[in-house]
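One structure below.
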Amino acid sequence: MKVLVVNSGSSSIKYRLFRLSAEGGDSLVLCAGLVEHIGEREGPADHRGALERVIGELEGRGYHPANLDAIGHRVVHGGRDFGQATRVEAATLERIRALSPLAPLHNPANLLGIEVMGELAPDTPQFAVFDTAFHQTMPPEAYRYALPEHFTREHGIRRYGFHGISHQYIATETTRRLGDGGRRRLVSLHLGNGASAAAILDGKSIDTTMGMTPLGGLVMGSRAGDIDAGVLLYLQRELGMDAARLDRLLNRESGLLALAGSNDMRRVLALADGGDEGAALAVKLFCYRIRKYIGAYFAILGGLDALVFTGGIGEHSAEIRALCCADLDHLGIALDPNRNTAPDADGRIDAEASPAKVLVIPANEELEIARQVSALLRGH
Ligand code: ADP
């Protein structure tokens, strides 16, 4: 079966076309691409122009939209409405639109992708796959804020979590690689420009570090992660910052960028190596926050069978992985330094005697989307 995966952002559209075996186990990427600079001088004028280009590229490779089995779209926020991937119907579009205030940067662009694709390929079934859905299994003590209940009921103010498609892929892939032994109590660390950790028990997310928005939790490229809400009140009151200014500060001027002058971990590590104190602190703080959450999730999972690194930093930086796992023998986590720099065929980097398995698994959100869409098409 052929499934096209579309990730429609505000200024770019990524796509990947998969061929999946009948039972969804094997997959092959038939073609992939990226259309950038939407709305800028050098790019297509709008999302319609961008998706027409995507379809043109597909047709150029001999794949016509009418011959696809399905199109799967990544949607950032599914709120409380979507606990799993869903076939797109008129009502689905309305519900996604209604969730836009929760993800004003992302949901409108995701929605445009679905709507325009629906016009360009009207006979191909479309599916929405949500970045929040995997975390809908969190219990109330994990997702509620200790605020008056009507804020949650009427305004949807609660924790949702993100990177769910990636964490779900990691959960499945860890089980595939380790068998049942490694899957009961899993901590998944997605460390890219955005970063989050998830505590996964028997394949279900029971907690994660991001909250109502992707601003919570770990230190990120340009986001601070966890911060005392009182700081925001102070900045408002004493420095006169309004919502737009705070938004910019928290989303684009904080994190590694604020501490080290760069949001690129490669550069931050190089600066730290060269003796830059800000960069050294950035690396320490980044790893310290991760270690705190590993401990927290060890506690709520009742132990740990596997710890998995993914995302650009998690996949490529042996140094960060070593710092995150240093002196965690008391939690049953021990890396093998040689394997850490050259993971084995299963991505294993733990020492032979380590009770917890530690793995590096490349992120593959697109494949996870394709698999979920194919499972729905097959009626699962
Ligand atoms: P996104 O979250 O935007 O998808 P990625 O998952 O690609 O981003 O992660 C980007 C981050 O990964 C950047 O901070 C980049 O510096 C970092 N990164 C990529 N390769 C390495 C490496 N070899 N060592 C350290 N960090 C790396």
Side-chain angles (χ1 to χ4, degrees), residues 5-16 32-34 36 74-76 103 105-106 109-110 129 131-132 161-170 173 188-198 208-210 213-225 251-274 276 278-287 289-290 308-325 335 337 339-343 347 349 359-369:
V5 174
V6 176
N7 188 346
S8 168
S10 55
S11 67
S12 70
I13 292 180
K14 267 194 265 185
Y15 68 92
R16 204 176 285 186
L34 169 70
E36 289 183 286
R74 175 165 182 261
V75 179
V76 166
L105 290 180
H106 296 109
N110 302 155
V129 183
D131 225 13
T132 49
F162 298 85
H163 286 150
I165 299 165
S166 178
H167 290 304
Q168 185 160 17
Y169 176 76
I170 292 302
E173 196 58 22
S188 167
L189 297 170
H190 181 110
L191 311 177
N193 259 317
S196 71
T208 188
T209 52
M210 286 175 169
T213 74
L215 280 176
L218 305 181
V219 175
M220 312 181 210
S222 60
R223 299 182 207 139
N251 274 305
R252 291 195 259 138
E253 300 170 359
S254 302
L256 298 177
L257 179 63
L259 296 167
S262 169
N263 64 356
D264 183 324
M265 185 55 97
R266 275 167 297 204
R267 173 104 184 105
V268 176
L269 287 168
L271 286 168
D273 261 358
D276 183 297
L281 177 64
V283 171
K284 267 197 181 152
L285 215 161
F286 182 86
C287 297
R289 187 78 56 83
I290 291 167
V308 182
F309 288 90
T310 191
I313 300 171
E315 290 163 32
H316 300 297
S317 179
E319 189 177 345
I320 295 289
R321 295 195 296 262
L323 290 168
C324 290
C325 296
L335 291 195
R339 269 179 163 184
N340 186 31
T341 49
I349 59 172
L359 290 89
V360 177
I361 300 180
N364 199 340
E365 286 152 295
E366 292 82 5
L367 178 55
E368 180 63 31
I369 292 172

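Counting starts at 1 for both ligands and their atoms, following the listed order. Positions are given from 1 along the sequence.
Checked by distance only, ligand 1 and His190 stay at 3.5 Å or farther apart across all their nitrogen or oxygen atoms. Distances between N or O atoms of Gly311 and those of ligand 1 include no value under 3.5 Å.
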Task: side chain to side chain contact (heavy atoms under 4.5 Å, CB included) evaluation trace for Leu269 with Ile320 - done: CA-CA 9 Å; Leu269 287 168; Ile320 295 289; 4.0 Å; yes
- [ ] Carefully, step by step, assess Arg74 and Asp131 under the rule side chain to side chain contact (heavy atoms under 4.5 Å, CB included).
- [x] CA-CA 7 Å; Arg74 175 165 182 261; Asp131 225 13; 2.7 Å; yes
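The option from Leu269, Asn193, Leu191, Ile313 that lies nearest to atom 1 (P) of ligand 1, judged by heavy atoms, is Asn193.
To the nearest 0.5 Å, atom CZ of residue Arg321 and atom CD1 of residue Ile313 are 11.5 Å apart.
Shortest contact from atom 23 (N) of ligand 1 to any protein heavy atom: His316 CB, 3.3 Å. Of the protein's non-hydrogen atoms, Arg266 CG, 3.6 Å is the one closest to atom 24 (N) of ligand 1. When hydrogens are left out, the protein atom nearest atom 5 (P) of ligand 1 is Gly312 N, 3.7 Å; that is the closest non-hydrogen contact. The protein heavy-atom contact nearest to atom 16 (O) of ligand 1 is Asp264 OD1, 2.4 Å.
Heavy-atom distances between Gly221 and ligand 1 stay at or above 4.0 Å for every pair.
Counting atoms of ligand 1 from 1 in the listed order, those under 4.0 Å from a heavy atom of Asn263 are 14 (O). Heavy-atom proximity to Gly194, at under 4.0 Å, picks out these atoms of ligand 1: 2 (O). Those atoms of ligand 1 that come under 4.0 Å of a heavy atom in Ser317, given as number and element, are 24 (N), 25 (C).
Remark: Glu319 pairs with no residue by the side-chain hydrogen bond (donor to acceptor under 3.5 Å, both in side chains) rule, at least two apart or across chains. Every residue was checked against the salt bridge (charged side-chain N to carboxylate O under 4.0 Å, His left out) condition with Asp276, not counting sequence neighbours, and none meets it.
Val268 and Ala279 get closest at one heavy-atom pair: O-CB, 3.5 Å.
Here the side chains of Arg223 and Asn251 are in contact, with some heavy-atom distance below 4.5 Å. In this structure the side chain of Cys325 reaches within 4.5 angstrom of the side chain of Phe309, judged on heavy atoms.
For atom 14 (O) of ligand 1, a protein non-hydrogen atom is found at a distance below 4.0 Å.
With a 4.0 Å heavy-atom cut-off, ligand 1 is reached by no atom of Leu256.
Between His190 and His167, the ring planes are perpendicular. Angles over 60° get that label, and only those under 30° would be called parallel.
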